[in-house]
2 protein chains.
Amino acid sequence: MLIQLNFKSGKPVYLQIVDQIKSAAASGAIKPGEPLPTIRPLAEELRVNRNTVARAYSELESQGIIESRHGKGSVLAENHSPLKKEIRRKMLIDEIDQAVVQAHHLQFDRAEFLKLVDERFDALEKKKGES
Amino acid sequence: MLIQLNFKSGKPVYLQIVDQIKSAAASGAIKPGEPLPTIRPLAEELRVNRNTVARAYSELESQGIIESRHGKGSVLAENHSPLKKEIRRKMLIDEIDQAVVQAHHLQFDRAEFLKLVDERFDALEKKKGES
DNA sequence: ATTACTGTCCTAGACAGTTAGGACAGTAAG
DNA sequence: CTTACTGTCCTAACTGTCTAGGACAGTAAT
């Protein structure tokens with residue numbers, strides 16, 4: 001679990017932590033049931049307040065990514081979203097639409113876009129293989 | 001140019017305007033060179049302060065989507081990003097990675113993802129045909 | 001020059017988001 | 001029970017964001 005923070009980016013620290021843990025979970029760097037660093041030591045390592053890490057973990061828990069238990073720590077949750085597929089589908093479409101619209105303005109056509117998506121899935125699978 | 005605002009969503013009004021105009025431009029609902037609504041009438045129609053619309057237009061201009069000229073109004077810009085392809089590619093990859101990671105947590109695999117992307121491009125092309 | 005449009009700059013108030021410290025509460029080992 | 005760890009809640013300060021109104025400046029037609 002290596003987390004890199006950029007304090008100049010303007011992006012909230014707790015969101016940087018959220019994104020990187022979500023990404024690590026998707027790549028298989030952390031597996032379901034595996035414990036995450038506890039809040040205080042991680043906060044010390046990252047040189048931020050413990051509540052900043054706590055907020056990140058709280059956000060991850062509300063998204064169903066991790067499970068925290070008072071006094072015990074946090075572990076990566078099973079990848080079972082409780083939401084109905086139709087809802088999850090809508091959420092993903094929102095993300096995809098954003099990328100598709102952005103692609104138009106960045107002058108990438110459908111074929112190039114699909115190629116990039118394949119590349120990024122490959123990059124993710126590769127990380128899985130390494131673990 | 002129909003813009004729908006949601007004041008309860010928590011998302012800043014000016015960003016809602018930005019997104020919807022970007023989307024309209026990508027779908028071909030507005031074409032390069034075509035004039036956009038002027039700031040004050042649009043603000044009145046949407047029942048927001050003129051500076052809120054002005055901020056949206058300012059953001060769109062900084063992204064190279066529109067061009068505003070003092071005293072004349074704003075028009076949709078040609079779709080020529082001044083950035084180098086390598087830079088634009090990096091920006092798009094960031095968007096795609098976000099969607100790919102989200103797909104994992106929403107339990108969509110690569111094949112389903114690619115199918116959704118195709119669907120969304122189709123939906124965009126369809127709008128182009130209607131105009 | 002006047003009028004009626006247009007976009008832009010400046011400033012400030014209100015509000016939400018972010019981070020931080022203190023205190024509290026659950027867990028588990030000795 | 002004590003100790004040392006764990007997550008959680010409350011509150012406050014700070015900061016930046018968002019929205020708004022007043023004043024200014026460019027454009028074009030009469």
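A note on names: the letters A, B, ... follow the listed sequences, proteins ahead of strands, and every chain is numbered from 1.
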Novice: Run B/Asp19 and A/Val101 through side-chain contact (heavy atoms from CB on, under 4.5 Å) and show every step you take.
Specialist: CA-CA 9 Å; B/Asp19 287 347; A/Val101 167; over 6 Å; no

Novice: Does a nitrogen or oxygen in the side chain of B/Ser68 sit under 4.0 Å from OP1 or OP2 of C/dG7?
Specialist: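 No, outside the criterion.
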
Novice: Rounded to whole Å, please give me the gap between NZ in A/Lys11 and C1' in C/dT18.
Specialist: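 Interatomic distance, NZ of A/Lys11 to C1' of C/dT18: 15 Å.
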
Novice: Closer than 4.0 Å, any side-chain N/O of A/Lys72 to the OP1 or OP2 of C/dG26?
Specialist: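 Result: no.
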
Novice: Choose from D/dT19, D/dT8, D/dT6 the nucleotide whose nearest atom is closest to any side-chain atom of A/Pro41.
Specialist: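 The listed nucleotide nearest to A/Pro41's side chain is D/dT6.
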
Novice: Roughly, in whole Å, what's the span from OH in B/Tyr57 to C1' in C/dT6?
Specialist: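 Rounded to whole Å, this separation is 12 Å.
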
Novice: Does A/Tyr14 sit in a hydrophobic cluster with other residues, and if so which ones, taking ILVMFWY side chains as linked at heavy-atom separations under 4.5 Å, directly or through other members?
Specialist: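 A/Leu15, listed by chain and number.
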
Novice: Heavy-atom count check: over 12 atoms from other residues, nucleotides or ligands less than 6.0 Å from A/Glu44 CD?
Specialist: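 No, because the 6.0 Å sphere around CD of A/Glu44 holds 12 heavy atoms or fewer from other groups.
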
Novice: Which sits closer to the 5' end of DNA chain C, B/Gly71 or A/Gly71, going by the nucleotide each is nearest to?
Specialist: B/Gly71

Novice: Rounding to a whole Å, what distance do you find between A/Tyr14:OH and C/dT19:P?
Specialist: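 Distance check: A/Tyr14 OH to C/dT19 P gives 8 Å.
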
Novice: With a 4.0 Å limit, can you tell me whether B/Arg55 has a side-chain N or O closer than that to the phosphate oxygens OP1/OP2 of D/dT19?
Specialist: no

Novice: Starting from C1' on D/dT19, measure out to CD1 on B/Ile17 and report it in whole angstrom.
Specialist: 11 Å

Novice: Tell me which nucleotide among C/dG7, C/dA23, C/dT19 gets nearest to the side chain of A/Pro12.
Specialist: C/dT19

Novice: Can you tell me which residue among A/Gln98, A/His105, A/Gln102 is in a side chain to side chain donor-acceptor pair (under 3.5 Å) with B/Lys22?
Specialist: A/Gln102

Novice: Measure CZ/B/Phe7 against C1'/D/dA20 and give the value in whole Å, please.
Specialist: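 The answer, rounded to whole Å, is 13 Å.
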
Novice: What is the distance from NE2 of B/His70 to C1' of D/dG26, rounded to the nearest Å?
Specialist: 5 Å

Novice: In whole Å, what is the span from the CD atom of B/Glu61 to the C1' atom of C/dT6?
Specialist: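 Computing the B/Glu61:CD to C/dT6:C1' distance gives 14 Å.
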
Novice: Please determine, for the side chain of B/Arg40, which listed nucleotide (C/dT6, D/dT19, D/dG7) has the closest atom?
Specialist: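 The closest nucleotide is C/dT6.
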
Novice: Is A/Lys85 atom NZ crowded by more than 12 heavy atoms from other residues, nucleotides or ligands, each under 6.0 Å away?
Specialist: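 Counting neighbours around NZ of A/Lys85, more than 12 heavy atoms of other residues, nucleotides or ligands fall under 6.0 Å, so yes.
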
Novice: Does any residue of residues 42-54 of chain B have a heavy atom under 4.0 Å from DNA chain D, and if so, which ones, in number order?
Specialist: B/Val48, B/Asn49, B/Arg50, B/Asn51, B/Thr52

Novice: Any side-chain donor-acceptor pair under 3.5 Å between A/Gln20 and A/Gln16?
Specialist: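 Short answer, no.
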
Novice: Check step by step if salt bridge (Lys or Arg N to Asp or Glu O under 4.0 Å) holds for B/Asp122 and A/Arg110.
Specialist: CA-CA 10 Å; B/Asp122 284 341; A/Arg110 184 196 297 225; 2.9 Å; yes

Novice: In whole Å, what is the span from the CG atom of A/Leu15 to the P atom of C/dG17?
Specialist: 11 Å

